[in-house]
Amino acid sequence: MTSIQELSHAQAPPTLPFELKDYISPNAWEARVSTLTQLASHYCRPLFERAYLAMLLVLSFLVPVTTYYITLPALEGSASSGDAVPIGTDETDRLVWLARLIAFSVTLATWIVLCVPVVVWKYSGIRRVRRLANQWTRGDMLAASSYGDAPVWKASAPGFFREILVLVVTVPMKQRSHFDRNSYLPPYINAGDDGLPSYGDSSMTQWSTDPKGGTRYGDVPIYAD
């Protein structure tokens, strides 16, 4: 069985799922959920992430334009040694494409410089959340009465622009007792009868001898005290 919970540090911990009542107490469940949401909240800033993305989009437009119009005159001045290069020459076309290449390179470097810290920050949150869930799994396995009779905890840190994290807890299926009516029985064991019919529906047509002693009238045993 699997229990899936969506958690947020802005909301109170949910009640203990029914599937986990045999494995964890309500107090321990609340403590674990609070610890997980507090940890994930350090790596979840939706407002900051939206503002950061807006800044990145603005810089993606301003950086190449500014770089191009600054680089091209500098290249032309360097190539002509102070004299203007005639427009339409091959040298001018070469300098234009060189300025465009420099502008694209600067823009790409800007993306890398701005995006790498955010990616590393988010990845660190994912690793810490997963490590915490794995610690719970190992702790429950050590405390379990038998091997494999412990829940498996998995958690995913919040993504970009959202503060919801997902907690998935998988618990082993309980082995039914052979005395349970819904339990699986080997094929060589016949299914039990639904029970004898009531006395009112019994066919009492003749006397017979009961092998256990006494006599029977139809399907109803008659014993002498």
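Follow the hydrophobic side-chain contacts under 4.5 Å out from Leu59 and you reach Val116 in the same cluster. Linking Ile, Leu, Val, Met, Phe, Trp and Tyr whenever their side-chain heavy atoms come within less than 4.5 Å leaves Leu142 and Val169 in two separate clusters. Val106 and Leu95 fall within the same hydrophobic cluster, where Ile, Leu, Val, Met, Phe, Trp and Tyr residues are linked whenever their side-chain heavy atoms come under 4.5 Å apart, directly or through other members. Residues Val152 and Leu16 do not share a hydrophobic cluster, defined by chaining ILVMFWY side chains whose heavy atoms lie under 4.5 Å apart. Cluster annotation: Tyr123 and Trp121 are assigned to distinct hydrophobic clusters (Ile/Leu/Val/Met/Phe/Trp/Tyr, side-chain heavy-atom contacts under 4.5 Å, transitive).
The two residues Ile112 and Pro117 come nearest to each other via the heavy atoms O-CD, 4.3 Å. Residue Pro14 comes nearest to Gln5 through the heavy atom pair CG-OE1, 3.8 Å, listed as atom of the first residue, atom of the second, then distance. For the residue pair Pro151 and Tyr23, the shortest heavy atom distance occurs at CD-CD2, 3.7 Å. Here the closest non-hydrogen pair linking Tyr43 and Lys122 is O-NZ, 3.0 Å. Of all non-hydrogen atoms in Glu30 and Pro13, the two that sit nearest each other are CG-CG, 4.0 Å. The minimum heavy-atom distance linking Val166 with Val168 is given by the pair CG1-CG2, 4.0 Å.
For CZ of Arg130, the number of neighbouring non-hydrogen atoms (other residues, nucleotides, ligands) closer than 6.0 Å is 12 at most. Other residues, nucleotides and ligands place no more than 12 heavy atoms under 6.0 Å from the CZ atom of Phe104. Atom CG of Leu57 has more than 12 heavy atoms from other residues, nucleotides or ligands within 6.0 Å.
The CZ atom of Arg131 lies 9.5 Å from the CG atom of Leu39; values are rounded to the nearest 0.5 Å. The distance from atom OG1 of Thr170 to atom CD of Glu19, rounded to the nearest 0.5 Å, is 10.5 Å. With values rounded to the nearest 0.5 angstrom, Gln38 atom CD is found 10.0 Å from His9 atom NE2. Put simply, OG on Ser41 and CG on Leu36 are 10.0 Å apart, with the number rounded to the nearest 0.5 Å. In this structure, OG on Ser124 lies 13.0 Å from NE2 on His42, to the nearest 0.5 angstrom. We find the CH2-CD1 distance between Trp153 and Ile24 to be 4.0 Å, quoted to the nearest 0.5 Å.
Within the 3.5 Å criterion, the main-chain N or O of Ala31 finds no donor-acceptor partner in the side chain of Ser34. Proximity of a side-chain donor or acceptor of Thr67 to a complementary backbone N or O of Pro64 within less than 3.5 Å is not detected. Using modelled atom types, no side-chain atom of Glu49 and backbone atom of Phe160 make a donor-acceptor pair closer than 3.5 Å.
Inter-residue side-chain proximity for Ile4 and Thr2 is flagged as met; some heavy-atom pair is nearer than 4.5 Å. Annotation: side chain of Phe161 is in contact with side chain of Leu53 (closest heavy-atom distance under 4.5 Å). Side-chain atoms of Ile102 and Leu98, non-hydrogen and from C-beta on, do get closer than 4.5 Å to each other.
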Audit row: Thr110, Leu108, side-chain contact (heavy atoms from CB on, under 4.5 Å) steps and yes/no: CA-CA 5 Å; Thr110 303; Leu108 184 61; over 6 Å; no

Please assess Val33 against Thr35 for the test side-chain contact (heavy atoms from CB on, under 4.5 Å), listing each intermediate value before the final yes or no. CA-CA 5 Å; Val33 171; Thr35 302; over 6 Å; no

Hey, mind stepping through Arg45 and Tyr52 against side-chain hydrogen bond (donor to acceptor under 3.5 Å, both in side chains) and telling me if it holds? CA-CA 10 Å; Arg45 297 288 187 271; Tyr52 201 87; over 6 Å; no

Walk me through it: do Val171 and Ser3 pass the test side-chain contact (heavy atoms from CB on, under 4.5 Å)? CA-CA 8 Å; Val171 297; Ser3 175; over 6 Å; no

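Using a 4.0 Å cut-off between a side-chain N of Lys or Arg and a carboxylate O of Asp or Glu, Arg100 and Asp93 do not qualify as a salt bridge.
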